[in-house]
Amino acid sequence: MKKAQAHTSFLDSVNSNFEKAAPHTGLPAGLLAQIKACNSVYQMRFPVKIGKDYQVIEAYRVQHSHHRLPTKGGIRYSQKVNQDEVMALATLMTYKCAIVDVPFGGAKGGVKISPREYTPAQLQKITRRYTAELIRKNFIGPGIDVPAPDYGTGSREMAWILDTYMSFKGGEIDAAGCVTGKPVNQHGIQGRTEATGRGVFYALKEFASNKDDMAKLGLTPGLAGKTMAVQGLGNVGYYASKISQDEGDVKIICVAEYEGAIYKEDGIDIDKLMKYRKKNKGSILGFPGSKTMKSRKDVLEVKCDILVPAALENQIRKDNASKVKAKIIAEAANGPVTAEAETILLKKGIVIIPDMYINAGGVTVSYFEWLKNLSHMRFGRMEKRFNQRTYHNIAETVERLTGKSIGEKEKSVLLRGADEIDLVRSGLEETMINSYNQIRDVYNKKKNIKDLRTAAFVCALNKISSDYLSLGIFP
Ligand code: NAD
């Protein structure tokens with residue numbers, strides 16, 4: 001018999017947020033129903049020989065919306081993967097892409113395995129077979145559906161996907177754009193690995209720059225000196241905390257990983273912690289100067305300015321929401337706060353910067369990678385030297401007209417042409433700032449919208465609906 005569900009499912013939570021926002025858009029019910037529905041769900045089971053035996057692997061690919069193509073979204077490897085979760089994640093991807101003006105529909109993949117239990121060779125076998133299944137059903141391709149990394153996967157898995165795709169479709173000129181998040185030397189792009197975490201930092205920086213919004217929380221503007229607690233030090237959590245610390249002068253006071261949580265009032269140096277973890281058989285516990293907390297979940301209840309849940313969904317629920325003491329929750333993970341918990345947190349005056357905006361840095365840079373693959377050229381190749389020469393000529397003219405010379409140090413900064421990494425970071429920062437201000441505008445103008453998530457949904461729904469309306473499908 002199926003176990004009774006103690007909490008609302010992830011998909012129910014996402015859809016209940018949608019329902020909360022929908023009345024603010026004034027869109028017709030039929031159009032809203034079309035936007036909300038998952039367009040295609042592909043559930044598969046395939047055999048893979050592990051050791052002497054065959055294992056039947058359960059996997060999914062969900063394309064939530066075809067209003068723009070290709071569809072796009074990461075692939076998750078986790079023992080907890082199920083259809084509801086993949087549908088919820090695909091749904092979030094549609095809204096996320098709209099919010100950051102990435103012209104894709106939303107999708108997501110999931111393979112129900114715990115990667116820790118397999119060797120790299122076995123993981124490679126599973127990944128290649130999963131890709132072959134996607135190819136067989138036309139669920140992957142640069143103009144069809146483009147996967148990327150998510151929980152439990154990274155650039156290594158993306159390289160295997162690319163190689164498998166190439167071996168089936170090597171003649172396709174744009175084949176490299178069939179997947180993003182690839183290693184840089186395998187048609188990837190500089191700055192993709194850190195992109196989601198860096199996007200979280202840019203978003204926090206933009207939020208914190210607003211004096212009035214910070215004053216409402218009893219905080220001074222700016223990130224410097226603010227305290228942060230982080231759940232999950234994987235790709236997103238590591239870069240979000242490291243970049244906030246290095247470039248924003250944020251103090252990381254609490255960190256939780258699989259093995260437990262640690263607290264250090266005067267700040268945890270993230271890089272030192274990662275080195276310590278490597279030496280300490282993969283555990284953060286016992287990090288010099290830190291206290292070990294009773295449970296890894298305690299990170300969610302620590303008194304801090306910014307809480308960054310960067311592990312999995314459904315972490316802050318109706319049973320622990322009232323214990324959260326952070327002033328700002330930066331949803332680096334997808335769906336860490338349930339809809340029920342959100343009601344409690346908002347009553348407490350906590351600001352939630354929603355997942356579908358704050359973790360969109362990954363898909364933004366994935367979009368840049370896909371564009372690079374289609375153009376078959378790295379960003380900056382055409383203009384870098386031209387710009388350098390132009391800056392040089394300007395500097396020379398200034399020196400000639402003023403009779404003064406610009407110092408060598410200043411010159412080296414002034415005369416630099418942009419490399420790929422500079423352009424990627426600049427495009428990501430612009431996207432995060434611009435999208436936040438679109439959301440904030442809606443939040444400020446619509447007096448009956450009381451939270452940033454609803455405002456973000458309204459932004460997304462307005463953009464997606466205009467695509468459908470311009471097609472003349474919903475007159
Ligand atoms: P990851 O696998 O690199 O890291 C997740 C980390 O969380 C792991 O180190 C794991 O040990 C840890 N963890 C798991 N359960 C935990 C718990 N209960 N307490 C503390 N730590 C725990 O995954 P990721 O790519 O960083 O993804 C994390 C979240 O961010 C997911 O919700 C994912 O959907 C979302 N996300 C990822 C990306 C991306 O580009 N990778 C983009 C957008 C959103």
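Hydrogens, waters and symmetry mates are skipped; everything else that's a heavy atom, side chains included, is used. Whatever order the structure lists them in is the order used to number ligands and atoms, beginning at 1. Predicted, not measured: the structure shown is a model, and the values here were computed from it.
Taking the ring centre of Phe287 as origin, the terminal cationic atom of Arg277 falls outside the region bounded by 6.0 Å and 45° from the ring axis. Arg296 forms a cation-pi arrangement with Tyr258, by the criterion of a distance under 6.0 Å to the ring centre and an angle within 45° of the ring axis.
Within the structure, the closest approach of Lys297 to ligand 1 does not fall below 4.0 Å when heavy atoms are considered. Remark: distances from the non-hydrogen atoms of Glu85 to ligand 1 are all 4.0 Å or more.
The shortest N or O to N or O distance between Leu312 and ligand 1 is not below 3.5 Å. Ligand 1 has no N or O atom lying under 3.5 Å from any N or O atom of Asn359, backbone or side chain. When only interatomic distances are considered, the shortest N/O to N/O separation between Arg277 and ligand 1 does not fall below 3.5 Å. In terms of polar-atom proximity, defined here as any N/O pair under 3.5 Å, Lys96 makes no such contact with ligand 1.
The backbone and the side chain of Glu257 each have at least one atom closer than 4.0 Å to an atom of ligand 1 (non-hydrogen atoms only). Residue-level proximity to ligand 1 for Thr196 is carried by the side chain, the only part with a heavy atom below 4.0 angstrom. Contacts with ligand 1 closer than 4.0 Å are made by no heavy atom of Lys80, backbone or side chain. In Ala332, the part holding a heavy atom less than 4.0 Å from any atom of ligand 1 is the backbone. Of all the heavy atoms of Arg192, the ones lying under 4.0 Å from any atom of ligand 1 belong exclusively to the side chain. With a 4.0 Å heavy-atom cut-off, ligand 1 is reached by the backbone of Ala310 but not by any atom from C-beta on. Residue contacts with ligand 1 for Glu313 are absent, since no atom lies close enough (heavy atoms, distance under 4.0 Å).
The option from Ile358, Val299, Leu89, Asp150 that lies nearest to atom 34 (O) of ligand 1, judged by heavy atoms, is Asp150. Among Tyr151, Tyr239, Tyr77, the residue whose heavy atom lies closest to atom 23 (O) of ligand 1 is Tyr151.
Lys372 has a carboxylate O that lies under 4.0 Å from a charged side-chain N of Glu420, or vice versa, which qualifies the two as a salt bridge. In this structure, Asp271 pairs ionically with Lys242, as a charged nitrogen and a carboxylate oxygen lie closer than 4.0 Å.
Aromatic rings of Tyr95 and Phe457 (six-membered ring for Trp) have centroids within the 6.0 Å cut-off, being under it.
If you take SG on Cys254 and CD1 on Ile268, they are separated by 6.5 Å, rounding to the nearest 0.5 Å.
Under 3.5 Å, the side chains of Asn373 and Asp174 contain no donor-acceptor pair of N or O atoms. In the model, Glu58 has a side-chain atom that pairs as donor or acceptor with a side-chain atom of Tyr60 under 3.5 Å.
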TODO: Output, in order, the C-alpha distance, side-chain angles, deciding distance and verdict of side chain to side chain donor-acceptor pair (under 3.5 Å) for Glu172 and Tyr165.
DONE: CA-CA 10 Å; Glu172 270 185 19; Tyr165 188 85; 2.7 Å; yes
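When each of Met87, Lys20, Lys36 is paired with Asn15, the side-chain contact (heavy atoms from CB on, under 4.5 Å) condition holds for Lys36 and for no other.
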